[in-house]
Protein chains: 2
Amino acid sequence: MSNADEQAGPAVTGPLAHRVPDLGALELLLAVARLGSLGGAARELGITQPAASSRIRSMERQLGVALVDRSPRGSRLTDAGALVTDWARRIVAAAEAFDVGVQALRVRRDSRLRVAASMTIAEYLLPGWLLALRAQRPDTAVSLHAGNSTVVAERLLADEADLGFVEGLSVPAGLDSAVIAHDRLIVVTAPGHAWARRRRSLAAGELASTPLILREKGSGTRQVLDAALGGLARPLIELSSTTAVKAAAVSGAGPAVLSELAVGEELSMRRLVPVPVEGVALTRDLRAVWPTGHRPTGPARDLLSLTRG
Amino acid sequence: MSNADEQAGPAVTGPLAHRVPDLGALELLLAVARLGSLGGAARELGITQPAASSRIRSMERQLGVALVDRSPRGSRLTDAGALVTDWARRIVAAAEAFDVGVQALRVRRDSRLRVAASMTIAEYLLPGWLLALRAQRPDTAVSLHAGNSTVVAERLLADEADLGFVEGLSVPAGLDSAVIAHDRLIVVTAPGHAWARRRRSLAAGELASTPLILREKGSGTRQVLDAALGGLARPLIELSSTTAVKAAAVSGAGPAVLSELAVGEELSMRRLVPVPVEGVALTRDLRAVWPTGHRPTGPARDLLSLTRG
DNA sequence: ATGGCGACATAAGCTGGGTTTATGAGCAAC
DNA sequence: GTTGCTCATAAACCCAGCTTATGTCGCCAT
């Protein structure tokens, strides 16, 4: 009777999984949006119509939002449903990238195309490329091995990989290469940090004299920064993974220097903000590499051509 | 006996949900990565240690990849596990944006902060802002209403919203505004299209004389394009949602003109490629708006300050 | 009208994945 | 040794989602 049962706002804490529908439900929603019919969507996903009906209904109950307008001649999204569907599409896209990446990780042998890539490229770029490759060559099995430049070179020279990707400053001996993209290192801080409000660009000297959250010495990222500053980078902390550096920066520990590729997500969600810098060469080439003489052919050539803008 | 049971490559078709672990498992994996312990992760998610153990194990079975190295004094990610975890992190981030968006959609009344926003902003920018807002004001309940500029203005003037966001060319009467960001329209095509290989910038005349995939007349996006070209845009097809335009462009139907915000995902996955254009003013302001005189205060002021770069 | 068809809803029964409790086993430090 | 942390295994339980079978509603053709 009172507003006591009017849910005083469902727990905003606790596992996400309890408040976000599972992937199956989201895929179903996308199919309904595209086909305009519950039954049709059910057919496409290989389940029965009542299953689809019930699943959409329970998703609406879970979210507390009406998503589709049912009518005896089809179903259309509500306004809120359209918005929710667009957000869902992004979860599904991330899941597709995950899927294609994991598949490449698993199928180690008897693959038609064996790729070796540096961590940053494997993490941020390869899933997108593999999705594109699958779109035009659906039956190419791809295997992926991630490691640093040295490991990539070893695998190529031992004929354990057909195509490699590296991000270092130089190309390992015995390999030919082509620049496929450029990566920029950027300085970022949590939104609360003093530098987040700067409008004037940071000068090289200022950057060199401030303790920064950095990858460990020897990492590709650190090499580029040290080279750009003349070996002067002063670490506040040294961490051994990009993820750890990001986490430290987000928590406000200080300014960090990271690949632009690694922080796209955080920037657009404003968990981190970029600090303008000038007079420091923080770009590096991303290169495809292969054994000297063995120009990529077949699937390797297809993948290579996909990576060039 | 033969290699018949050696899985001739697990079905690369069919529902994603069968090949990608559910959100609960991914969250668990992230917790394990962060805490270095199955039991610790279990505690954090409010489940028991055996449940966590079994869930991680079944995820490894599902993916066909060993993710964590168990030892009697903790668990660490394998190399492959680290890669998988990073891909998982992106799914979880998308799910967080979904969650915060849906919550705002649901809590229509008795919210401390009522926001009205145009579709594009609600879709692509607001979830990020709301996440940031929740980080600094965890107990602010937010409600969201999406609609075009006119609707946003109506709600603000009727005191049904505290803060609005619009993307049109002009500010509705009776409202004050502040520019919070700029949006650029860009020309995109599928990677196979002839324009995808262009290096020379496209001139205005060329753009105006080519049939394009466009939003319907009257939409914010279309208004900007028509104004920039002097009302000359020639439609190949007119579609009523950003999503439909993207889908048509990806399928190779022709070049499309879309907000940069809408195609970030597609660009980075190379489902679409940008076509350079020059001599056409395709930027528009994104503005926060409020009733003249009623400068935003409290939560509205907090949100507003988050949106400025 | 009337029967047919397509789309969604409801009901009942089954199944499996994930959970819990309870217990065992390995390694480290005191 | 004993204590305390880790993870693994086993058995019992529970519920979400599936299927099959059937009902209802609106449209359309005859």
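On a predicted model such as this, the values are computed, not experimentally measured, just so you know. Every chain is numbered from 1, with letters handed out A, B, ... down the list of sequences.
- In the set D/dC18, C/dC27, D/dT6, the nucleotide with an atom closest to the side chain of B/Arg43 is D/dT6.
- A donor-acceptor contact under 3.5 Å links the side chain of A/Gln49 to the base of C/dA9.
- Of the side-chain N and O atoms in A/Arg55, one or more sit less than 4.0 angstrom from OP1 or OP2 of D/dC18.
- Distance A/Ile56 CD1 to D/dG17 P: 12 Å, rounded to the nearest Å.
- Closest-nucleotide positions on DNA chain D for B/Gly74 and B/Ser54 were compared, and the one nearer the 5' end corresponds to B/Gly74.
- A salt bridge does not link A/Glu123 with A/Lys246: every distance from a Lys NZ or Arg NE/NH1/NH2 to an Asp or Glu carboxylate oxygen is 4.0 Å or more.
- Between B/Ser58 and C/dG18, a side-chain N or O to OP1/OP2 separation shorter than 4.0 Å is present.
- One atom, CZ of B/Arg70, and another, C1' of D/dA8, lie 9 Å apart when rounded to the nearest Å.
- For the pair A/Ile47 CD1 and D/dT20 P, the computed distance is 12 Å after rounding to whole Å.
- In this structure, A/Ser75 contributes its side chain and A/Val68 its backbone to no donor-acceptor pair below 3.5 Å.
- Spacing between atom CG of B/Leu45 and atom C1' of C/dG18 amounts to 14 Å, rounded to whole angstrom units.
- Look at CG on B/Asp69: it is 16 Å from C1' on D/dA8, rounded to the nearest Å.
- Remark: P of C/dG18 and CG of B/Leu38 are 15 Å apart, rounded to the nearest angstrom.
- For B/Thr48 and C/dT20, the shortest distance from a side-chain N or O to OP1 or OP2 is below 4.0 Å.
- The side chain of A/Arg57 lies closest to C/dA9 when the candidates are C/dA9, C/dG18, C/dA22.
- At C/dA7, none of the side-chain N or O atoms of A/Ser53 fall inside 4.0 Å of OP1 or OP2 (strictly under the cut-off).
- Following rounding to the nearest Å, B/Arg73 (CZ) and D/dA8 (C1') show an atom-to-atom distance of 18 Å.
- Of the inter-residue distances, the one linking A/Ser219 atom OG with A/Met119 atom CE reads 12.5 Å to the nearest 0.5 angstrom.
- Inter-residue side-chain proximity for A/Asp86 and A/Arg89 is flagged as met; some heavy-atom pair is nearer than 4.5 Å.
- Contact between the side-chain N/O atoms of A/Ser75 and the OP1/OP2 oxygens of C/dC8 is found at a separation under 4.0 Å.
- Of the candidates D/dT19, D/dT6, D/dG17, the closest approach to any side-chain atom of A/Asp22 belongs to D/dG17.
- Rounded to whole angstrom, the span from the NE2 atom of B/His18 across to the C1' atom of C/dG16 amounts to 13 Å.
- Ion pairing between A/Arg70 and A/Glu60 holds under the 4.0 Å rule for side-chain N and carboxylate O.
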